[in-house]
Amino acid sequence: MSKEQVLRKEKEMIDQAFERLLKDYMASPHGKKEDIIRKAYQFAYQAHDGIRRRSGEPYILHPIAVAHIACKDIGLGSTSICAALLHDVVEDTDYTVEDISNLFGEKVAQIVSGLTKISGGVFGEQASAQAENFRKLIVTMSKDIRVVLIKIADRLHNMRTLEAQPVNKQYKIAGETEYIYAPLAHRLGLFSIKTELEDLSFKYNYPEKYEFIASRLDAEREKRMEQYDNFSLPIMNRLLSMGFEFVMKERIKSAYSIWNKMQAKHIPFEEVFDILGARIVFKPHPGADERQECWRIYNLITQIYTPHPSRTRDWVTTPKSNGYEALHVTVMGPDGLWIEVQIRSNRMDDIAEKGLAAHWNYKKDYSSSESKIEEWLGTINDLLKHPDSDAMQFLDTFKLTLYDAEIFVFTPKGEMKTLPTGATALDFAFEIHSDIGSHCIGAKVNNKLVPLNYELQSGDQVEILTSKQQTPRPEWIKYVTTVRAKRELSNLSKQANKAFRERGESILNDIFTSLGMNQSVQGGISTTVLNTILLQFSFKTLDELLIALGKNEVTSEQLFELAKSNGRIIKDQDIYQKLINNQKQHNNLSPITSNLHICPCCNALPGDEVIGFKNPDGTISVHLRNCEEAMRLKSQQGPKIVSVQFTPEANANYFALIEIKGIDRKRMLLDIVEIISSQFDNNINHLTVSTIGGIFRAVINVAVNHTDEVKNICHQLEMINGIEHVNRIYHE
């Protein structure tokens with residue numbers, strides 16, 4: 001095929017993609033501004049002419065695909081579609097935001113500007129490019145939510161075409177997506193997009209596990225459809241007899257959700273019993289209240305099947321903070337399986353699938369959900385008013401607002417507050433007012449006295465107890481989970497530590513002066529000098545050192561003796577390197593090769609699926625790929641990702657935690673130790689056992705050389721009479 005024929009065929013493909021976009025737009029409620037969309041397409045086509053993606057396809061197909069997702073899957077209108085078509089023009093060509101404004105108006109230009117990557121560090125020199133760009137995105141989102149909706153559409157198409165990227169970039173983008181973009185899509189009510197983002201992240205982070213679960217789902221689809229037909233037919237017949245206009249369809253748990261459950265419950269695929277579900281989407285009868293209609297269908301289903309006593313979820317009476325409304329009931333099906341049924345009206349389903357865009361279409365009739373979404377946006381704006389100096393810290397703080405599960409708790413007067421699952425009495429105190437949180441001494445939950453770190457449950461009624469003499473304590477930061485509480489405590493801590501820091505700064509400057517060193521806190525301290533001091537006293541930052549000096553936790557005599565004992569100690573690079581090595585040994589970060597170090601947050605073993613991150617001192621930190629800290633680092637420090645081959649060192653021992661559960665009996669512990677110590681000849685470093693009601697739990701820290709050893713030990717332990725469950729865990 002000649003070059004001209006290839007170009008002609010590509011032009012036909014591009015035009016067809018745009019016409020599909022235009023067709024879906026014209027069929028939408030917004031379909032009135034065809035001309036401006038055609039104009040944006042022609043402009044973008046010309047701007048990207050001759051540019052290709054890494055996959056080899058013409059670049060213009062990407063903005064068309066993003067615009068199509070924004071239109072069809074999110075339900076956005078012409079302004080957003082134009083911005084999506086133009087979203088890479090400013091970044092990748094010589095056109096400016098002003099050019100976009102002149103041709104397409106200020107709104108389109110503002111959205112395009114929010115979607116354009118920044119260059120350089122605006123919020124802190126140490127912040128990663130990803131965190132910087134995300135912060136800019138959130139700043140712009142606070143002015144126009146469409147910015148982040150289009151960014152999610154952009155991320156979805158990038159994930160769909162991620163195969164063309166090199167492996168290290170796949171890890172980076174998939175890590176970002178799982179850590180931030182999927183939760184963000186969920187928080188905005190984009191449930192189908194959230195599910196696809198999670199599955200695609202899973203596919204690239206764990207290709208073998210993804211393929212295993214996907215193939216099992218595919219192989220068992222026919223069997224599950226038969227189970228669904230047996231389950232759904234009686235319900236459908238009853239709904240039809242009652243005159244409901246509805247659609248009922250099966251729901252299959254996503255591969256990512258199945259894997260998450262396998263990890264959380266430490267169970268194999270065969271023991272995930274809630275893979276099959278169902279959804280009923282109905283059109284309310286004329287003049288009927290759709291909420292009452294949901295309960296009518298609920299009653300109908302529970303007349304046919306027995307409901308699970310504790311698994312009814314009423315998000316009709318109290319919608320989720322992201323606007324989600326539905327009634328969920330789990331019932332025992334005819335094949336002996338628990339099956340969850342989601343009951344939604346057409347309006348509820350539209351909001352559940354398209355999130356905010358659909359939500360705003362209905363806001364005149366239903367404003368309660370609107371207020372919750374506006375409340376979340378208010379939290380983001382409040383967060384932006386109190387910016388952290390570090391953009392990566394901002395990213396972690398923003399992540400806290402994207403909680404999935406939530407609880408509803410009440411004040412003594414009956415006012416309801418929505419908090420993330422895991423919130424404590426102290427979180428509740430700060431939710432009411434910062435002064436109440438600061439002076440909180442305890443709480444009464446359902447009229448019973450509880451401590452500050454008491455974890456609240458949905459439905460609790462909470463009364464906060466205060467004292468004017470009470471002031472925040474350092475350990476309180478460990479008691480809270482909400483953004484508001486963490487921010488307030490951080491600000492209070494900074495205020496309290498300000499005087500200590502000033503005193504510590506004066507002490508350190510005096511030491512430098514007495515040693516005749518041309519160093520000072522204000523004038524600057526050389527990297528070698530600063531890092532040597534921090535390493536010697538196990539501090540991470542200069543502020544930590546200064547505050548400790550101010551509090552006399554580190555004395556000026558200790559710091560002076562560090563210098564006096566050897567005149568070269570804070571000037572000599574060899575001694576600096578020795579201190580680094582001593583610090584590594586102190587932190588038990590034993591080197592696997594000359595520059596690989598196991599991180600204690602997940603304790604990877606040779607043979608595990610691992611990922612590496614470059615450190616400033618040239619070493620490589622090794623994490624398990626599914627480690628939470630690794631997920632955070634992937635989202636913030638993508639360029640530092642390196643491919644790591646983690647192989648055992650000769651005569652080296654690594655340690656794994658093995659959890660064992662079963663029915664207690666005589667000689668049980670002896671049988672366990674016999675297998676580990678005699679059959680496998682592995683040393684047991686630590687062992688704890690507890691027994692309650694005839695059921696025992698043991699946790700054993702075993703010396704191993706490879707992850708395969710752990711699997712073999714677990715397999716043999718499972719063969720012991722009375723043992724029900726054996727698995728490797730990562731924290732006691």
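- Remark: the backbone N or O of Val480 is not paired with any side-chain donor or acceptor of Asp427 at under 3.5 angstrom.
- Two residues are said to be in side-chain contact when any heavy atoms from C-beta on lie closer than 4.5 Å; Arg728 and Asp608 meet this criterion.
- Remark: Pro412 engages Glu463 in a side-chain contact (heavy atoms from CB on, under 4.5 Å) (not counting sequence neighbours).
- The NE2 atom of His439 sits 13.5 Å away from atom CD1 of Ile464, with the distance rounded to the nearest 0.5 Å.
- Minimum interatomic distance between Phe655 and Leu605 (heavy atoms only, all atoms of both residues): O-CD2, 3.8 Å.
- Separation of atoms SG (Cys440) and CG (Leu426) is listed at 5.5 Å; rounding is to 0.5 Å.
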What verdict does the salt bridge (Lys or Arg N to Asp or Glu O under 4.0 Å) test give for Lys265 and Glu271, after you've listed the backbone C-alpha separation in whole Å, the side-chain angles of each residue and the deciding distance to 0.1 Å?
CA-CA 10 Å; Lys265 302 287 186 181; Glu271 293 181 24; over 6 Å; no

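- Residues Thr424 and Leu456 approach most closely at O-CD1, 3.6 Å, considering heavy atoms.
- Looking at Arg155 and Glu176, their side chains come closer than 4.5 Å, going by heavy atoms from C-beta outward.
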Show which side-chain atoms of residues 441-454 pair as donor or acceptor with protein atoms under 3.5 Å away, not counting sequence neighbours.
from	atom 1	to	atom 2	distance (Å)
Asn446	OD1	Gln461	N	3.0
Asn446	ND2	Asp460	OD1	3.0

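- Residues Phe191 and His186 form a side-chain contact, since some pair of their non-hydrogen atoms from C-beta on lies under 4.5 Å apart.
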I would like to know whether Leu657 and Ile700 meet side-chain contact (heavy atoms from CB on, under 4.5 Å); could you show each step before the answer?
CA-CA 6 Å; Leu657 286 173; Ile700 304 178; over 6 Å; no

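- Note that NZ of Lys320 and CD1 of Ile351 are 14.0 Å apart. Values are rounded to the nearest 0.5 Å.
- Annotation: side chain of Met668 is in contact with side chain of Ile723 (closest heavy-atom distance under 4.5 Å).
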Checking side-chain contact (heavy atoms from CB on, under 4.5 Å) for the pair Glu724/Ile663: CA distance, chi angles, key distance, verdict?
CA-CA 8 Å; Glu724 298 291 328; Ile663 301 169; 4.2 Å; yes

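- Checked against salt bridge (Lys or Arg N to Asp or Glu O under 4.0 Å), Glu178 has no partners two or more places apart in sequence or in another chain.
- A search for side-chain contact (heavy atoms from CB on, under 4.5 Å) contacts involving Thr471 returns nothing, not counting sequence neighbours.
- Atom OH of Tyr479 and atom CZ of Arg473 lie 8.5 Å apart (nearest 0.5 Å).
- The distance from the CG atom of Asp274 to the CZ atom of Arg311 is 6.0 Å, given to the nearest 0.5 Å.
- A 4.5 Å side-chain heavy-atom check between Phe202 and Ile258 finds every atom pair outside the cut-off.
- Judged as a ring-ring contact (aromatic ring centres under 6.0 Å, His included), and not counting sequence neighbours, Phe430 has no contacts.
- Between Asp543 and Arg501 the shortest side-chain heavy-atom distance falls below 4.5 Å.
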Check step by step if side-chain contact (heavy atoms from CB on, under 4.5 Å) holds for Cys294 and Glu325.
CA-CA 11 Å; Cys294 286; Glu325 295 176 75; over 6 Å; no

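- For the pair His623 and Cys599, the tightest heavy-atom approach, listed with the atom from each and the gap, is NE2-SG, 3.4 Å.
- Although no hydrogens or angles enter the test, the distance criterion places no donor-acceptor pair under 3.5 Å between the side chain of Thr177 and the main chain of Leu197.
- Checked against side-chain hydrogen bond (donor to acceptor under 3.5 Å, both in side chains), Asn685 has no partners two or more places apart in sequence or in another chain.
- Residues passing the side-chain hydrogen bond (donor to acceptor under 3.5 Å, both in side chains) test with Gln470: none are found, sequence neighbours excluded.
- The salt bridge (Lys or Arg N to Asp or Glu O under 4.0 Å) search around Glu629 returns Arg632, not counting sequence neighbours.
- When atom types are taken as modelled, the side chain of Thr312 and the backbone of Val329 share no donor-acceptor pair closer than 3.5 angstrom.
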Show your working on side-chain contact (heavy atoms from CB on, under 4.5 Å) between Leu190 and Leu149 and close with a plain yes or no.
CA-CA 9 Å; Leu190 301 168; Leu149 293 173; 3.9 Å; yes

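- In this structure Gln469 satisfies the side-chain hydrogen bond (donor to acceptor under 3.5 Å, both in side chains) test together with Ser467, sequence neighbours excluded.
- The two residues Val409 and Gln457 have their closest heavy-atom pair at CG1-O, 3.6 Å.
- Annotation: salt bridge (Lys or Arg N to Asp or Glu O under 4.0 Å) contacts of Lys498 (sequence neighbours excluded): none.
- Contact of the Ile729 side chain with the Asn727 side chain is registered, since non-hydrogen atoms from C-beta on lie closer than 4.5 Å.
- A heavy-atom distance below 4.5 Å is found between the side chains of Thr411 and Phe428.
- A search for salt bridge (Lys or Arg N to Asp or Glu O under 4.0 Å) contacts involving Arg344 returns Asp349, Glu353, not counting sequence neighbours.
- To the nearest 0.5 angstrom, Glu609 atom CD is 13.5 Å from Cys627 atom SG.
- Between the Tyr206 side chain and the Asn626 main chain, a donor and an acceptor come within less than 3.5 Å of each other.
- His433 pairs by the ring-ring contact (aromatic ring centres under 6.0 Å, His included) definition with nothing, not counting sequence neighbours.
- Counting all heavy atoms, side chain and backbone alike, Val710 lies closest to Ala656 at CG2-CB, 3.7 Å.
- The backbone N or O of Ser434 sits less than 3.5 Å from a side-chain atom of Ser438, completing a donor-acceptor pair.
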